[in-house]
Amino acid sequence: MGANIVLAAEAAGVSRATLARWIARGRDAAEVREDGEPADPRDDAYVHLYQRVELARAQMATRALARVLQAGAGSLVLEERMRTYTDPVSGVDVEERQVRYMRPNWRVAAWWLARVFPEHYGPNAKSFDQVLDEFDAEDALHEHDRAESAELAGLAERLQAVLGQTTPDTPPAELPALSI
């Protein structure tokens with residue numbers, strides 16, 4: 001059913017530590033098999049347990065999410081009644097289904113978006129203007145770096161020219177003026 005491991009262990013009559021160990025062993029063995037290494041048949045039961053637990057958790061999460069999204073859309077059925085009566089004009093027996101749905105709730109969609117896309121809809125999401133400002137700041141920084149690189153390349157060329165005019169034993173007569 002996808003229950004918490006502590007509750008699942010209690011329901012199965014084993015300790016939490018034992019169940020956690022069994023599942024960890026199954027996970028490790030499954031990963032080894034996925035990597036193409038030979039399977040140890042002694043791990044088959046643990047792998048099977050691990051796979052069943054993962055499947056149950058995924059199915060439960062999927063069903064829960066479906067219910068949450070139904071509640072948000074207003075398509076979650078709160079009450080359903082069947083009414084049977086005889087039509088007085090035609091004399092035919094009629095079955096009528098009456099369904100009452102939960103009212104739509106935008107907060108459910110907001111909750112889901114904040115958890116699935118936190119970078120866009122979470123509490124720390126940035127507005128479009130903030131993203132553009134960061135892009136402009138980063139672009140300006142790179143432009144500054146390019147300008148500094150060009151300036152340093154020019155400085156290196158002038159230094160190389162000066163060093164090329166001298167021999168190791170004689171100092172240069174005069175250094176050219178550098179503009180910074």
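For reference, positions follow the sequence shown, starting with 1. Given the structure is predicted, the values throughout are model-derived calculations rather than measurements.
Environment of OH in Tyr85: crowded, with over 12 heavy atoms of neighbouring residues, nucleotides or ligands closer than 6.0 Å.
A pairwise comparison of heavy atoms in Pro38 and Val32 identifies O-CG1, 4.4 Å as the closest pair. Ala125 approaches Pro118 most closely through the heavy-atom pair CB-O, 4.0 Å.
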Can you give the donor-acceptor pairs under 3.5 Å from side chains of residues 7-20 to other protein atoms, not counting sequence neighbours?
residue: Ser15; atom: OG; partner: Thr18; partner atom: N; Å: 3.0
residue: Ser15; atom: OG; partner: Thr18; partner atom: OG1; Å: 2.7
residue: Thr18; atom: OG1; partner: Arg21; partner atom: NH2; Å: 3.4

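Ala71 is linked by a side-chain contact (heavy atoms from CB on, under 4.5 Å) to Leu76, Met102, counting only residues two or more places apart in sequence or in another chain. Every residue meeting the side-chain contact (heavy atoms from CB on, under 4.5 Å) condition with Tyr46, not counting sequence neighbours, appears here in chain and number order: Trp22, Arg25, Asp43. When the side-chain contact (heavy atoms from CB on, under 4.5 Å) test is applied to Ser127, the partners found at least two apart in sequence or on another chain are Asp129, Gln130. Every residue meeting the side-chain contact (heavy atoms from CB on, under 4.5 Å) condition with Leu55, not counting sequence neighbours, appears here in chain and number order: Gln59. Residues satisfying the side-chain hydrogen bond (donor to acceptor under 3.5 Å, both in side chains) criterion with Asp133, sequence neighbours excluded, are absent altogether.
Listed by first then second residue, pairs satisfying salt bridge (Lys or Arg N to Asp or Glu O under 4.0 Å) with a partner in residues 114-126 read Lys126-Glu134, not counting sequence neighbours. Listed by first and then second residue, the side chain to side chain donor-acceptor pair (under 3.5 Å) pairs involving residues 28-38 are Arg33-Asp44 (not counting sequence neighbours). The salt bridge (Lys or Arg N to Asp or Glu O under 4.0 Å) analysis of residues 48-61, with sequence neighbours excluded, yields no pairs. Sequence neighbours left out, the pairs with a member in residues 99-108 that pass side chain to side chain donor-acceptor pair (under 3.5 Å) are Glu79-Arg100. Residue pairs meeting the salt bridge (Lys or Arg N to Asp or Glu O under 4.0 Å) criterion with at least one member in residues 86-98, sequence neighbours excluded: Glu80-Arg97, Arg83-Glu96.
Remark: Leu159 CG to Leu155 CG distance equals 6.5 Å, nearest 0.5 Å.
At a threshold of 4.5 Å between non-hydrogen side-chain atoms, the residues Ile23 and Ile5 count as touching.
Both Val6 and Tyr50 belong to a common hydrophobic cluster when Ile, Leu, Val, Met, Phe, Trp and Tyr are linked at side-chain heavy-atom distances under 4.5 angstrom.
Applying the under-4.5 Å side-chain rule to Ile, Leu, Val, Met, Phe, Trp and Tyr, the cluster around Leu69 extends to Leu65, Val68, Val108, Trp111, Trp112, Leu113, Val116, Phe117, Tyr121.
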